[in-house]
Novice: 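Please read through the structure below; I'll follow up with questions.
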Number of protein chains: 2
Amino acid sequence: MSLPNEQDPDEIALPDIGKLTGSLAQRVYEALRTAILAMDLPPGTNLKKQLICEQLGVSRSPVTEAITRLAGEGLVEVVPQSGSRVTKFSMSEIHEGAFLREAIELAAVAKVAAERTEEQLSELTRNLRLQALCLEDFDEAGFYREDERMHELIFSFTGYPKLNTLAAAGWVQVNRARQLLLPMRGRAQEAYEEHKVIIDAIRDRDPEKARQAMQKHLSRLVTRLEPLIESRPDLFD
Amino acid sequence: MSLPNEQDPDEIALPDIGKLTGSLAQRVYEALRTAILAMDLPPGTNLKKQLICEQLGVSRSPVTEAITRLAGEGLVEVVPQSGSRVTKFSMSEIHEGAFLREAIELAAVAKVAAERTEEQLSELTRNLRLQALCLEDFDEAGFYREDERMHELIFSFTGYPKLNTLAAAGWVQVNRARQLLLPMRGRAQEAYEEHKVIIDAIRDRDPEKARQAMQKHLSRLVTRLEPLIESRPDLFD
DNA sequence: CTGTGTCAACTAACATGTTAGCATTCCAAT
DNA sequence: ATTGGAATGCTAACATGTTAGTTGACACAG
């Protein structure tokens with residue numbers, strides 16, 4: 001009776017709500033999104049509304065809205081009158097996301113380099129020093145957090161609040177795939193050096209140098225993602 | 001009893017559905033979006049779900065989803081437990097949209113210039129000839145259509161299908177504001193000349209020249225938008 | 001063993017009822 | 001006349017019932 005490929009009793013563990021704030025729909029959205037990005041809900045997973053409703057103790061309305069939003073982000077695909085599943089990776093989408101992120105972030109860093117204030121510069125150098133501290137302590141997680149923080153700072157210094165959101169939206173697939181990469185020995189140190197060059201260029205008010213440094217920095221990640229399609233073909237469409 | 005500023009009996013004319021295809025939610029979304037972009041629903045308009053439901057002959061579900069999506073696009077703002085209104089313009093948002101569009105389109109045109117095939121080039125030159133025809137016939141609307149078509153072609157030639165969607169999403173506010181501009185005498189001719197330079201650069205496989213030509217072309221529009229905040233302050237927040 | 005058609009189970013999409021928060025108004029008290 | 005506060009009316013947010021279309025399994029014919 002029990003087939004060899006007993007796939008899923010669908011017992012998924014969602015990061016229980018209650019701790020989160022805002023409307024129910026918002027909380028459900030965040031819970032699902034977190035689970036998807038953390039690969040707790042791997043690509044191909046069937047999202048059963050009913051099950052999610054029971055598990056979170058809410059009705060179908062907020063769950064439906066959450067799934068609709070995730071579909072808009074490209075993390076979930078909805079098949080009319082049939083079901084919703086977590087999207088699989090596609091190398092072309094990853095490349096597209098990287099292209100988009102690069103386009104936006106290069107423009108942003110050039111603008112910031114051209115117009116930066118002293119205050120902004122000191123906030124960036126302060127962030128850089130924090131990165132150095134994390135490296136000294138071999139605190140990978142901390143370094144990752146400060147890394148993301150640096151990119152956020154650059155976006156915010158453009159004065160355009162939605163830029164970060166949109167860049168992140170395009171970047172989502174890349175970020176999700178990144179979860180699969182083992183942290184590479186020495187990569188953090190390498191990234192730190194690249195960050196230094198970027199911030200040096202901002203200090204020098206040299207937009208072109210900033211662009212090039214950022215471009216070099218961003219191109220690294222996609223390169224490291226390529227082999228995934230060989231090692232985990234089940235996650236790609 | 002009748003106040004001097006008798007504002008709105010809310011009798012809004014929506015482009016009736018039925019002609020459209022897809023789910024109800026999709027159709028309602030398109031209808032509302034079209035009406036907003038055409039300024040049939042001017043900034044500040046209160047969107048009353050009940051009224052829209054009656055007028056379109058559907059229930060609140062698809063209308064709610066449509067409004068949610070429009071809010072995600074920034075065309076509508078939802079005030080919890082109160083109501084939804086069409087967003088007013090904000091010059092900073094227009095600048096942000098233009099910055100985003102520029103970042104994406106410059107990257108796109110540079111990539112296309114570097115990698116274009118003969119076939120793509122001939123499709124672009126064919127489009128350019130169509131533009132010339134429209135100019136000869138003083139067909140402003142036709143020129144506008146071919147103008148948009150040219151930008152779409154460039155996006156599609158990158159091989160990244162979602163690029164056009166995202167650029168358009170950022171561009172929405174700019175496009176909406178553009179409706180308010182009277183067509184300027186000789187502007188179409190000027191735009192045509194700019195298009196020619198762009199396509200020349202693509203022909204020469206010169207990414208840097210293509211970038212600069214496109215940048216010049218895009219910067220025109222925002223400049224023309226600036227005076228609006230003086231002439232129509234009621235539409236800005 | 002393979003291809004085809006029917007049927008049952010499941011799902012998204014849609015409709016509608018319920019709840020609770022905000023705003024506006026209107027009246028009363030000062 | 002001005003202010004404060006209760007009451008009313010409106011709305012989004014949430015819950016739940018209904019409809020119709022898709023999928024996949026199973027029986028049956030070739």
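Below, chains carry the letters A, B, ... as their sequence lines are ordered, and counting in each starts from 1.
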Novice: Taking for each residue the nucleotide of DNA chain C bearing the nearest heavy atom, is the 5' side occupied by B/Arg60 or by B/Glu65?
Specialist: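 Here B/Glu65 is the residue nearer the 5' end.
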Novice: For D/dT11, take OP1 and OP2 only and decide whether either is under 4.0 Å from a side-chain N or O of B/Lys49.
Specialist: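 For D/dT11, OP1/OP2 do not have a side-chain N/O of B/Lys49 under 4.0 Å.
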Novice: First and last nucleotide of DNA chain C touching chain B, 5' to 3', heavy-atom cut-off 4.0 Å?
Specialist: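 Contact span on the strand: C/dC14 to C/dG21.
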Novice: For A/Arg116, enumerate each residue passing the salt bridge (charged side-chain N to carboxylate O under 4.0 Å, His left out) test, keeping only those at least two apart in sequence or located in another chain.
Specialist: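 Per chain and number, A/Arg116 pairs via salt bridge (charged side-chain N to carboxylate O under 4.0 Å, His left out) with A/Glu118.
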Novice: Between A/Gly57 and A/Ser82, who's closer to the 5' end of DNA chain D by nearest nucleotide?
Specialist: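 Nearest-nucleotide comparison on DNA chain D picks A/Gly57.
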Novice: Look only at the side chain of A/Arg27 and the backbone of A/Gly22, and say whether a donor-acceptor pair between them is shorter than 3.5 Å.
Specialist: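 Side chain of A/Arg27 to backbone of A/Gly22, a donor-acceptor pair under 3.5 Å: yes, one is there.
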Novice: Whole angstroms only, please: what is the CG-P distance between B/Leu51 and D/dG9?
Specialist: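 Checked: the CG to P distance equals 19 Å.
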Novice: If only atom types and distance count, is the side chain of B/Thr223 paired as donor or acceptor with the main-chain N or O of B/Ser219 below 3.5 Å?
Specialist: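 Indeed, once roles are kept as given, a pair shorter than 3.5 Å links the two residues.
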Novice: Closest-nucleotide mapping onto DNA chain D: is B/Gln50 or A/Gln26 further toward the 5' terminus? I mean the 5' end.
Specialist: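 Its nearest nucleotide lies further toward 5', so the answer is B/Gln50.
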Novice: Is B/Thr64 touching bases, backbone alone, or none of the nucleic acid, heavy atoms closer than 4.0 Å?
Specialist: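 No contact at all - B/Thr64 keeps every heavy atom at 4.0 Å or more from the nucleic acid.
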Novice: If each of A/Val78 and A/Ser61 is mapped to the nucleotide of DNA chain C with the nearest heavy atom, which maps nearer the 5' terminus, i.e. the 5' end?
Specialist: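 The residue closer to the strand's 5' end, by nearest nucleotide, is A/Val78.
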Novice: What is the distance from CG of B/Leu24 to P of D/dG21, rounded to the nearest Å?
Specialist: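 In whole Å, D/dG21 P lies 12 Å from B/Leu24 CG.
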Novice: Side chain of B/Ser90, backbone of B/Asp237: donor and acceptor closer than 3.5 Å?
Specialist: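 Not a single qualifying donor-acceptor pair exists.
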Novice: B/Thr45 side chain to B/Val86 main-chain N or O, any donor-acceptor pair under 3.5 Å?
Specialist: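 Here the side-chain-to-backbone pair does not exist.
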Novice: Between A/Thr158 and A/Ala108, is there a donor-acceptor pair closer than 3.5 Å when you use the side chain of the first and the backbone of the second?
Specialist: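 Between the backbone of A/Ala108 and the side chain of A/Thr158 there is no qualifying donor-acceptor contact (under 3.5 Å).
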